[in-house]
Chemist: 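Can you keep this structure in mind? I'll have questions shortly.
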Amino acid sequence: MASAEDIANAVNRYLELVASGSADEIAALYADDATVEDPVGGAEVHIGRNAIHGFYKKIENLPRETELLALRVAGHEAAFMFAITLGAGEGRIRIEPIDVMAFNAEGKITTMKAYWSPTDVTPLS
């Protein structure tokens with residue numbers, strides 16, 4: 001089982017890659033049969049590393065940055081609130097989701113659920 005420190009490190013690496021990494025690098029953090037639901041209840045569930053890669057490919061060429069706001073690790077799961085800013089100039093937006101991830105014994109993400117809605121999106125100018 002991955003330790004709490006391993007999971008915290010994986011979350012920080014995830015946020016680092018979401019801010020500046022490629023879809024390949026982000027997808028490599030996931031187990032082969034992992035799932036991503038982002039946002040919960042509002043999007044299709046991406047199943048498997050190839051589908052997850054496609055999900056992150058959409059932001060790969062956008063200017064973006066992330067900021068960890070809170071992190072809790074319990075057992076083999078982590079819940080964390082963060083901010084992601086996407087875009088450049090007057091088209092920038094800031095989203096503040098709460099993500100919940102489960103990890104396998106190797107420290108790979110097995111599930112990721114992002115909890116946010118349009119009320120968590122702020123246009124920036």
Chemist: Are Leu124 and Ile93 packed together at the side-chain level, in the sense that at least one heavy-atom pair is separated by less than 4.5 angstrom?
Modeler: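 No - every pair of side-chain heavy atoms lies 4.5 Å or more apart.
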
Chemist: Is there a path of hydrophobic side-chain contacts, each under 4.5 Å between heavy atoms of I, L, V, M, F, W or Y residues, that connects Ile98 with Val36?
Modeler: no

Chemist: Minimum heavy-atom separation for Gly107 to Ala10, with atom names?
Modeler: O-CB, 4.3 Å

Chemist: With a 4.5 Å cut-off on side-chain heavy-atom distances among I, L, V, M, F, W and Y, is there a chain of contacts connecting Val40 to Ile84?
Modeler: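 Different hydrophobic clusters.
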
Chemist: From Asn12 CG over to Ile7 CD1, what is the distance, rounded to the nearest 0.5 angstrom?
Modeler: 12.5 Å

Chemist: Write out all pairs satisfying ring-ring contact (aromatic ring centres under 6.0 Å, His included) with one or both partners inside residues 62-84, taking only residues at least two apart or from two chains.
Modeler: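 Sorted pair list: Phe80-Phe82.
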
Chemist: Considering only heavy atoms from C-beta outward, does the side chain of Val100 approach that of Tyr115 to under 4.5 Å?
Modeler: yes

Chemist: If you link I, L, V, M, F, W and Y whenever their side-chain heavy atoms are under 4.5 Å apart, who else ends up in the same group as Ile47?
Modeler: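 Members other than Ile47 - counting any ILVMFWY side chain reachable under 4.5 Å - are Val45.
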
Chemist: Which of these, Leu29, Val73, Thr111, Val11, sits in a side-chain contact (heavy atoms from CB on, under 4.5 Å) with Phe103?
Modeler: Val11

Chemist: Could you work out, with side chain to side chain donor-acceptor pair (under 3.5 Å) as the rule, every residue matching Ser20, not counting sequence neighbours?
Modeler: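 Listed in chain order: nothing, the list is empty.
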
Chemist: Would you say Tyr56 and Leu62 are hydrophobically clustered, going by side-chain heavy atoms of ILVMFWY under 4.5 Å?
Modeler: yes

Chemist: Taking all heavy atoms of Ala70 and all of Leu68, pick out the closest pair and write down the distance.
Modeler: O-CD1, 3.5 Å

Chemist: Backbone N or O of Glu5 within a donor-acceptor pair of the Asn9 side chain at under 3.5 Å?
Modeler: yes

Chemist: Hydrophobic clustering (ILVMFWY, side-chain heavy atoms < 4.5 Å, transitive) - are Leu15 and Phe55 grouped together?
Modeler: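 Both belong to a single hydrophobic cluster.
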
Chemist: For Asn104 and Ala31, work out which heavy atoms get closest and say how close.
Modeler: ND2-CB, 3.9 Å

Chemist: Please find the pair of heavy atoms, one from Thr66 and one from Ala19, that lie closest to each other, and give the distance.
Modeler: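 Closest heavy-atom pair between Thr66 and Ala19: OG1-CB, 3.5 Å.
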
Chemist: Name all pairs fulfilling the salt bridge (Lys or Arg N to Asp or Glu O under 4.0 Å) condition that reach into residues 16-34, sequence neighbours left out, sorted by first residue then second.
Modeler: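 Matches after skipping sequence neighbours: Arg13-Glu16, Asp32-Arg49.
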
Chemist: Determine the sole option in Met112, Lys108, His53 for which the side-chain contact (heavy atoms from CB on, under 4.5 Å) test with Tyr30 is passed.
Modeler: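 Between Tyr30 and the candidates, side-chain contact (heavy atoms from CB on, under 4.5 Å) is satisfied uniquely by Met112.
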
Chemist: Do Leu17 and Leu71 sit in the same hydrophobic cluster, where Ile, Leu, Val, Met, Phe, Trp and Tyr count as joined when their side-chain heavy atoms come under 4.5 Å apart?
Modeler: yes

Chemist: Between Asp120 and Ser117 (side chain of the first, backbone of the second, donor and acceptor by atom type, cut-off under 3.5 Å), is there such a pair?
Modeler: yes

Chemist: Would you list the pairs meeting side chain to side chain donor-acceptor pair (under 3.5 Å) in which at least one residue belongs to residues 35-47, sequence neighbours left out?
Modeler: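 Counting only pairs at least two positions apart or across chains, the side chain to side chain donor-acceptor pair (under 3.5 Å) contacts touching residues 35-47 are Asp38-Trp116.
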
Chemist: Considering only residues two or more places apart or on different chains, which pairs with a residue in residues 57-84 satisfy salt bridge (Lys or Arg N to Asp or Glu O under 4.0 Å)?
Modeler: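 Qualifying pairs: Lys57-Glu60, Glu67-Arg94.
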
